Amino acid sequence: MRIAVYPGSFDPITNGHLDIIKRASKIYDKLIVGVLDNSSKKPMFSAEDRKKMIDEAINGIDNVTCDVFSGLLVDFAKIKGADVIVKGLRTVSDFEYELQMALLNKALNPEFETMFMMTNTKYSYISSSMVKEVAKYDGELDGLVPKNVITKLKDKNKREI
Ligand code: PNS
């Protein structure tokens, strides 16, 4: 059984992330979306809220689950019985950062392979930080994030006004 982990901050999950999840779920027997709970970052949504949004978005994809993790990715992947780390690539700047992380993860635990999937061109310009910016100024979010996330972003903005 081939188990892969797809890690990230997912603050919040975007349609680009969801596309990678759907495509990777066809390649691996089981895909675990790993939401990093990083206390040194200041996310818009708590790790639990980010997980809830992902759970709703992956509802119906049988072999995909989602868990929150803290600490090292390779330790989380090992606990989950995975041997592959899936990452999405959009731009050359993504590549530089991702290469460094892939090499570091290999040095930390050589059992894992990082597999890169190229973004779908439709979603190549979407990032969680851009989405938050658009939401802040009440811009159109349709097509950028799953429908359930649009509601959560709007609720959040209302509460902050
Ligand atoms: O969505 P992001 O913020 O680009 O995801 C980054 C993430 C979560 C994949 C990365 O920060 C990570 O793996 N953090 C866990 C800590 C760790 O293992 N660090 C060493 C390898 S980078």
Side-chain angles (χ1 to χ4, degrees), residues 2-25 27-28 30-58 61 64-136 141 143-146 148-150 152-153 156:
R2 254 316 69 123
I3 304 175
V5 164
Y6 177 46
S9 301
F10 304 110
D11 186 38
I13 184 171
T14 68
N15 281 343
H17 294 133
L18 194 56
D19 179 66
I20 297 282
I21 292 172
K22 286 180 182 162
R23 285 158 60 202
S25 74
I27 299 171
Y28 300 102
K30 210 174 145 194
L31 183 73
I32 299 149
V33 182
V35 178
L36 180 69
D37 187 4
N38 184 348
S39 51
S40 66
K41 272 194 181 177
K42 272 208 174 280
M44 178 179 237
F45 296 98
S46 70
E48 272 315 308
D49 281 351
R50 284 179 271 149
K51 174 182 154 46
K52 259 189 231 158
M53 285 186 268
I54 294 170
D55 281 337
E56 286 165 8
I58 61 175
I61 317 174
V64 182
T65 55
C66 176
D67 270 310
V68 172
F69 78 102
S70 53
L72 289 178
L73 171 61
V74 288
D75 293 339
F76 172 69
K78 195 172 181 114
I79 292 168
K80 292 290 167 187
D83 54 6
V84 170
I85 295 165
V86 171
K87 289 294 193 78
L89 278 183
R90 290 165 304 192
T91 56
V92 176
S93 55
D94 273 355
F95 174 76
E96 285 175 6
Y97 174 58
E98 292 295 342
L99 174 66
Q100 192 181 6
M101 284 203 281
L103 296 179
L104 177 57
N105 285 328
K106 195 79 181 158
L108 289 170
N109 192 333
E111 286 169 25
F112 296 102
E113 290 300 340
T114 302
M115 303 298 284
F116 290 106
M117 293 187 78
M118 298 305 144
T119 182
N120 186 323
T121 43
K122 287 205 287 210
Y123 305 123
S124 60
Y125 59 93
I126 305 175
S127 68
S128 297
S129 38
M130 295 294 178
V131 162
K132 282 180 277 192
E133 181 101 341
V134 174
K136 189 170 150 192
L141 291 164
L144 302 184
V145 291
N148 62 307
V149 177
I150 296 184
K152 292 273 166 43
L153 278 164
K156 192 93 185 171

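Atoms within a ligand are numbered from 1 in the order they appear, just like the ligands themselves. The shown structure was predicted, so the numbers you read here are calculated from the model rather than taken from an experiment.
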- Query: Does Asn15 use its side chain to pair, donor to acceptor, with the backbone of Gly143 at less than 3.5 Å?
  - Reply: yes

- Side-chain (Lys106) to main-chain (Phe112) donor-acceptor, under 3.5 angstrom: yes

Suppose we measure from [atom] to each protein heavy atom; which comes out shortest, and what is that distance?
atom	value
atom 19 (N) of ligand 1	Leu72 CD2, 3.9 Å
atom 1 (O) of ligand 1	Ser9 N, 2.9 Å
atom 21 (C) of ligand 1	Asn105 OD1, 3.3 Å
atom 18 (O) of ligand 1	Leu73 N, 2.8 Å

- Does Lys87 reach ligand 1, in the sense of a heavy atom lying below 4.0 Å from it? yes

- Message: Please verify the inter-ring angle class for Phe76 with Phe69; under 30° counts as parallel, over 60° as perpendicular, anything in between as tilted.
- Response: parallel

- If you compare Ser127, Gly71, Pro7 by their heavy atoms, the one closest to atom 16 (C) of ligand 1 turns out to be Gly71

- With atom 8 (C) of ligand 1 as the reference point, say which of Val35, Asp94, Leu36 has the nearest heavy atom. Leu36

- Task: Check each heavy atom of Glu98 against ligand 1 and say whether those closer than 4.0 Å belong to the side chain, the backbone, both or neither.
- Result: neither

- Item | Asn38 contact mode with ligand 1 (heavy-atom cut-off under 4.0 Å) | neither

- Query: Salt bridge between Lys52 and Asp49, side-chain N to carboxylate O under 4.0 Å?
  - Reply: yes

- Message: Any non-hydrogen side-chain atom of Ile58 less than 4.5 Å from a side-chain atom of Leu31?
- Response: no

- Message: At less than 4.0 angstrom from any non-hydrogen atom of Lys41, what atoms of ligand 1 do you find?
- Response: 3 (O)

- Task: Kindly check if the number of other-residue, nucleotide or ligand heavy atoms within 6.0 Å of CE (Met117) is above 12?
- Result: yes

- Message: Looking at Lys132, I want to see if its NZ is surrounded by more than 12 non-hydrogen atoms of other residues, nucleotides or ligands under 6.0 Å.
- Response: yes

